[in-house]
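Step one of this worksheet: look at the structure below.
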Amino acid sequence: MTVPTSRIVDLHTHAGTAATVRGWVTHLRSSGKVAFIVMRDGTGTLQAVLVKSAVPPEIWSRFAELTQETSISITGDVRMDARAPGGVEVGISNLDILGSSPIDYPIQPKEHGVDFLMDHRHLWLRSPRQQAILRVRHEVEQAIQDFFYERGFIRVDTPILTAAIGERSGLFSTEYFDEGTAYLAQTGQLYGEAAAAALGRIYTFGPTFRAEKSKTRRHLTEFWMIEPEVAFFDSNDNMRLQEDFVSFLVRRCLDRRKNELAELERDTSKLENVVPPFARLDYSDAVTLLQRKGSEIKWGDDLGAEDEALIVEEYDKPVFVMNYPKEAKAFYMKENPADPRTVLCDDCLAPEGYGEIIGGSQREDDYDKLLARIKEEGLPLDAYGWYLDLRRYGTFEHSGFGLGLERTVAWICGTPHIRETSAFPRLMNRLKP
RNA sequence: UCCCGAGUAGCUCAGGUGGUAGAGCAGGUGACUGUUAAUCACCGGGUCGGGGGUUCGAGUCCCUCCUCGGGAGCCA
């Protein structure tokens with residue numbers, strides 16, 4: 001007679017019969033003649049019960065060898081029992097130790113400091129909270145793919161190794177054969193624009209790198225970004241796409257990751273508010289609002305972190321701030337015909353202090369204006385020849401945006417720091433593990 | 001780079017006005033037939049981040065360096 005092997009999530013289907021489960025020990029409790037093993041297999045948590053009088057002595061004695069994180073295989077009768085966490089329990093008839101674990105397993109079921117946990121990130125991932133975050137991240141990534149697939153967007157993967165092109169913030173560099181210095185990509189956008197001229201509606205999804213010495217809860221040196229680029233979309237079309245997209249991601253997690261959000265103790269009522277449309281606040285109106293609220297900001301300044309917070313507190317869902325002064329934004333953004341001091345762009349600010357999750361714009365499609373902007377910024381013209389070509393050969397109105405994956409996941413999960421949303425986050429002072 | 005804060009047992013922390021260190025958890029031993037981060041008893045465990053100074057005496061006061069956390073700037 002063979003006993004079926006089950007994952008914990010499916011165990012209830014074996015109620016009333018025997019099954020084998022493999023996993024890792026998370027908690028041990030003993031009452032002398034009854035012992036409890038709580039184990040994890042990646043799909044759930046299971047309490048198994050070992051009764052001294054019900055098993056041979058050699059099986060009973062194995063309990064004493066168990067430690068936290070020992071990998072084991074147990075076999076026994078599956079039964080529904082309200083006293084067991086999760087409602088399912090296994091009465092052990094056989095217990096095998098697959099891999100022992102020394103008693104110095106560092107992560108205990110208690111509070112730890114951040115630095116300690118980050119040093120043990122490879123083990124920290126095993127804790128329920130970290131599992132939940134990674135599952136939500138996975139759900140968001142899948143939802144991203146589904147959203148764009150359903151709308152006929154083509155995913156285009158852009159290079160990570162690039163020549164100097166993109167934005168102005170810090171670059172990681174490396175020697176690249178005889179071609180001089182290569183830089184790790186800060187954005188795939190410019191390549192995305194080229195692809196949009198070929199495919200119409202595209203998005204990129206991949207890692208980007210910023211060598212900024214940022215030490216805040218919102219920054220990583222390596223993070224993932226989703227960058228759609230759409231031919232014949234203007235700035236308003238762009239914002240409609242953004243609010244649909246963000247709302248879709250949030251809705252998907254509410255629908256399919258209830259358990260994980262509960263594990264994270266996320267107040268989901270605040271996420272339920274996230275439905276289109278989002279408020280649209282013109283930069284100039286934002287400045288007026290901020291001045292009324294006591295900010296020192298003057299027209300022309302970029303919004304500081306405090307300014308963003310003041311704006312966000314006015315709304316219970318994400319808000320767009322649009323059409324910033326030219327000087328505050330990147331060279332490729334299209335001049336606003338209604339106010340040439342400004343460009344057609346938007347930042348999408350998430351509520352609850354999570355800040356900017358999207359930066360988007362309509363792109364400058366006029367060859368001469370773009371060329372002038374490149375010169376104004378003192379950018380190396382020869383590096384942008386191909387980018388200018390997109391305006392020479394059938395220029396087209398187009399818009400796009402970049403959504404930061406980790407910031408979005410942090411917001412949906414309600415994690416205080418973005419670093420928890422990456423399995424192995426890279427910060428300016430952390431390259432290991 | 002700048003501004004705050006922190007560094008004491010494996011982990012989380014407490015240590016008025018200076019007198020060479022404590023708790024909880026973890027670990028070890030034992031008890032307990034339904035535990036839920038089990039409980040109870042006993043036991044082991046420390047170059048107080050490094051260096052220098054003041055002092056009879058420094059975890060404690062001063063200087064300096066290092067590391068970490070948070071924030072600013074930059075941005076997603």
Side-chain angles (χ1 to χ4, degrees), chain A residues 26-38 45-54 60 64 67-68 81-87 89 91 102-120 123-124 127-128 166-171 185-189 206-227 242 246 301-309 324 328-330 347-350 353-360 401-411 416-419 421-422 427-430:
Chain A
T26 62
H27 299 285
L28 295 165
R29 289 185 287 272
S30 165
S31 299
K33 290 170 182 155
V34 180
F36 298 89
I37 301 168
V38 181
T45 302
L46 169 69
Q47 172 169 286
V49 188
L50 189 61
V51 178
K52 187 175 185 179
S53 59
W60 173 255
T67 57
Q68 189 184 354
D81 191 316
R83 291 172 297 183
E89 187 174 88
I103 51 96
D104 60 359
Y105 183 74
I107 301 189
Q108 301 165 21
K110 58 169 284 192
E111 294 290 320
H112 289 287
V114 180
D115 195 39
F116 176 83
L117 289 169
M118 288 304 300
D119 283 341
H120 298 89
L123 302 175
W124 187 21
S127 64
E167 298 177 18
R168 292 164 290 186
S169 50
L171 291 158
Q186 299 180 306
T187 170
Q189 178 204 313
T208 50
F209 306 87
R210 304 276 166 94
E212 286 294 328
K213 293 189 175 180
S214 298
K215 278 179 73 170
T216 82
R217 67 180 74 190
R218 297 185 309 279
H219 289 86
L220 299 172
T221 57
E222 176 180 324
F223 65 96
W224 282 58
M225 192 152 63
I226 300 89
E227 296 181 285
Q242 288 166 47
V246 169
D301 295 344
D302 201 359
L303 268 53
E306 240 171 84
D307 296 321
E308 285 188 6
Y324 284 68
K329 289 291 174 183
D347 286 350
C348 180
L349 308 179
Y354 286 90
E356 185 180 346
I357 55 171
I358 287 178
F401 63 91
L403 175 135
L405 178 68
E406 287 82 1
R407 283 186 184 178
T408 303
V409 173
W411 165 50
H417 197 300
I418 189 176
R419 68 186 150 212
T421 65
S422 171
L427 297 108
M428 60 178 279
N429 56 358
R430 191 167 287 282

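Keep in mind it's a predicted model, so treat the numbers as computed, not measured. We name chains A, B, ... by the order of the sequence lines, and we start the count at 1 in each one.
Counting atom types as modelled, R407(A) pairs a side-chain N or O with a base atom of rC75(B) as donor and acceptor under 3.5 Å. Between the side chain of E89(A) and the base of rG34(B) there is at least one donor-acceptor pair of N/O atoms closer than 3.5 Å.
Considering only side-chain atoms of S53(A), the nucleotide from rU12(B), rU33(B), rG27(B) that sits closest is rU33(B). For R29(A), the side-chain atoms get nearest to rU35(B) when compared with the rest of rC74(B), rC11(B), rU35(B). Here the side chain of K213(A) is nearest to one of rG34(B), rU1(B), rC75(B), namely rU1(B). Side-chain proximity of Q108(A) to rA72(B), rU35(B), rG10(B): nearest is rG10(B).
Going from the C1' atom of rA21(B) to that of rA9(B) covers 11 Å, rounded to whole Å. Taking the C1' atoms as reference points, rA23(B) lies 44 Å from rA76(B), given to the whole Å.
Stacking between F36(A) and rG34(B) is absent: the ring centroid is not both under 5.5 Å from the six-membered base ring centre and under 30° in plane angle.
H417(A) comes within 4.0 angstrom of the backbone, heavy atoms only, and of no base. Using a 4.0 Å heavy-atom cutoff across all strands shown, L403(A) reaches no nucleic acid atom at all.
For the side-chain hydrogen bond (donor to acceptor under 3.5 Å, both in side chains) test, residues two or more places apart in sequence or in another chain that qualify with D81(A) are R83(A).
Contact check, R419(A) against rG70(B): a side-chain N or O comes under 4.0 Å of OP1 or OP2.
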